[in-house]
Amino acid sequence: MNETLPLPTRRDEAWRYADLGALESVWADIAGQRETIDVPAGETASRQIVLEAAEPNVSVRTLDVHVGKGGRFALHCLAIDTDYGRIAVDVRLEDGAHFELGGAILGGCERTLEIVTDVRHDEPNGTSNQVVRSVLADKATGSFLGRIGVARHAQKTDAAQSVKAMLLDRSATANAKPELEIFADDVLCAHGATVGELDKAALFYMASRGIPPKEARRLMLQAFIADAFVSMADNDAREAMETKALAALEALV
Amino acid sequence: MTLLNIENLHAEVDGKPILKGIDLAIGAGEIHAVMGPNGAGKSTLAYVLGGRDGYEVTQGKVTFGGEDLFEMDPHERAAAGMFLGFQYPVEIPGVSNIQFLRAAVNAQREARGEDPLSAGDFLKVAREQAKALKMDADMLKRAVNVGFSGGEKKRNEMVQMGIIDPKLAILDETDSGLDIDALRTVGEGINAIMRKPDKGVLLITHYQRLLETVKPDYVHVLAAGRIVKTGGPDLALQLEEEGYEAVAEAA
Ligand SMILES: Nc1ncnc2c1ncn2[C@@H]1O[C@H](COP(=O)(O)OP(=O)(O)OP(=O)(O)O)[C@@H](O)[C@H]1O
Ligand SMILES: [Mg+2]
């Protein structure tokens, strides 16, 4: 039955940076697979997704989330450890609902890792906040595609995106693509995307205090990606996430 | 014993010669002040000694504790006992002073084959030094230099120096940006930390005022990439009165 779903192409906006060759190797098994999450009105739910190495080393996770009136959903995720890794989330927000995303994309070699979100503010007063931090080395490609749709009557929507990437090598690539489709007029949509390299002056400053280069890079990168996890309410869960992120960083510094 | 020995040091930045034959030896127990006009190469000298990228040594030799300095990476120079106080201390967002300094102290200890300091022991040392330099201990928790005022950054440099307890301190205009009280506190801090028979200081400054507290054994005038005059503490007074130009010309 899966065969009926065709392999995506790069002409699909949401797949424009995907590694379709790698995807093809697992497509028969995963086509159409989505996990549905329904957060009832007024309730709070959270999820963490950490991609794991597999054979073949491809992992695609797709969530379909609906947050009821005044509800709240938080997703924290790590796109790591896979040759092609994709975390895709479709979110529909009811009146006054909130979606929080904190994601880190950490990769080296020739990996292609991506986080793709489609957040639909269908009703008024909804809020969303998406923070994505990428650290890319070698020939890795890390992408964030964040589509935000605000319906005509979804007034007082506040949808924010903060996307920052750090390239450890000039051969790595970061893509950040916000896509805003706003049909209401009383909305806030703050979004910012930056791509940078580690501050050489700070690295020298740390070296001058005796911190070896690898450790200096690790300290700075750890601080850089921490932004993605500050919104985690549960301290233990945050620490677990940061530990996994740190292990992935270790391979890059 | 000579701590630092600089012989005929030439260095360039972006292909432009800046240091043009510096000779300077700092013995154990000595404090040397280096003064000189803007653009003379004072910070360049500090950076070359610290091993900053982009500062290319084209001639000459420097030994530190008898070892060839240029064979050591910047972090190895620190572990060998060199401390660089920056004219413009660098901000490191997201990394707390505590985290930064503990990493520094323990990396140095590891490089010397010593056991790491526990979090508790480290915090004790850090608090003591903050107190000695009249820095609010809460600032230790803040991200390194982020949002610190100019004077606070300089004071923070000295707290770091106190915690690291180096053999040789190269202090680049640690006094600029400090108010009068802070200047005295920092001067006394330098004396308390560095005025020891086995230590040495290279103190880069524009002002006589710091030298009233930190009394130098030697004063050097660096102009256009060379040391054009060396004298005792009186030379600083003479410079203050007559200016660099007159003194350098007479040399
Ligand atoms: N990247 C560079 N390219 C070209 N020239 C440079 C570069 N960096 C520094 N210089 C020059 O090197 C010279 C020495 O600079 P340095 O910062 O060492 O001076 P200084 O003695 O510390 O001055 P100040 O008292 O103003 O701090 C200056 O003329 C400066 O313009
Ligand atoms: Mg200078």
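No experiment lies behind these values; they were computed from the predicted model shown. All heavy atoms count here, side chains included; hydrogens, waters and symmetry mates do not. In what follows, every chain begins at residue 1, and chains take the letters A, B, ... in the order their sequences are listed.
Both the backbone and the side chain of B/Leu84 come within contact range of chain A, with heavy atoms under 4.5 Å apart. For A/Ala201, the parts lying near chain B are the backbone and the side chain together; criterion is any non-hydrogen pair under 4.5 Å. For B/Asp73, no part lies under 4.5 angstrom from a heavy atom of chain A. Proximity to chain A (any heavy atom under 4.5 Å) is shown, for B/Arg52, by both the backbone and the side chain. Of the two parts of B/Met82, only the backbone, made up of N, CA, C and O, holds a non-hydrogen atom closer than 4.5 Å to a non-hydrogen atom of chain A. Interface residue B/Pro93: only backbone heavy atoms are found under 4.5 Å from chain A. In this structure, the portion of B/Gln160 lying under 4.5 Å from any heavy atom of chain A is its side chain and not its backbone.
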Does the side chain to side chain donor-acceptor pair (under 3.5 Å) test come out yes or no for B/Ser43 and B/Asp172, once each step is laid out? CA-CA 6 Å; B/Ser43 293; B/Asp172 191 358; 2.6 Å; yes
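A/Tyr84 and A/Glu114 share a side-chain donor-acceptor pair at under 3.5 Å. A side-chain donor-acceptor contact under 3.5 Å links A/Thr117 and A/Gln130. Between the side chains of A/Asp158 and A/Thr127, no donor-acceptor pair is found at a separation under 3.5 Å. Side-chain contact check for B/Glu12 and B/Thr58: no donor-acceptor pair (N or O, by modelled atom type) lies under 3.5 Å. There is no side-chain donor-acceptor pair under 3.5 Å between A/Thr173 and A/Lys139.
Top candidate by heavy-atom pairs under 4.5 Å with chain B, chosen from A/Lys200, A/Met206, A/Glu215, A/Met220, is A/Met206. Between chain A and the residues B/Ile164, B/Ile92, B/Asn145, the most heavy-atom pairs under 4.5 angstrom are made by B/Ile92. Residue with the most contacts toward chain B among A/Ala216, A/Ala226, A/Ser208: A/Ser208 (heavy-atom pairs, distance under 4.5 Å).
In plain terms, the two heavy atoms of B/Met158 and B/Ile193 that are nearest each other are O-CD1, 3.8 Å. Considering every non-hydrogen atom in both B/Ile26 and B/Gly200, the closest pair reads CG2-CA, 4.3 Å.
Centroid-to-centroid, the aromatic rings of A/Phe204 and B/Phe86 come within less than 6.0 Å.
A salt bridge links B/Lys199 and B/Asp165; the closest N-O separation between the charged side-chain nitrogens and carboxylate oxygens is under 4.0 Å.
Looking at heavy atoms from C-beta onward, B/Glu173 lies out of side-chain contact with B/Tyr88 at the 4.5 angstrom threshold.
The contact list for residues 96-108 of chain B toward chain A, using heavy atoms and a distance under 4.5 Å, reads B/Gln99, B/Phe100, B/Ala103, B/Ala104, B/Ala107, B/Gln108 by residue number.
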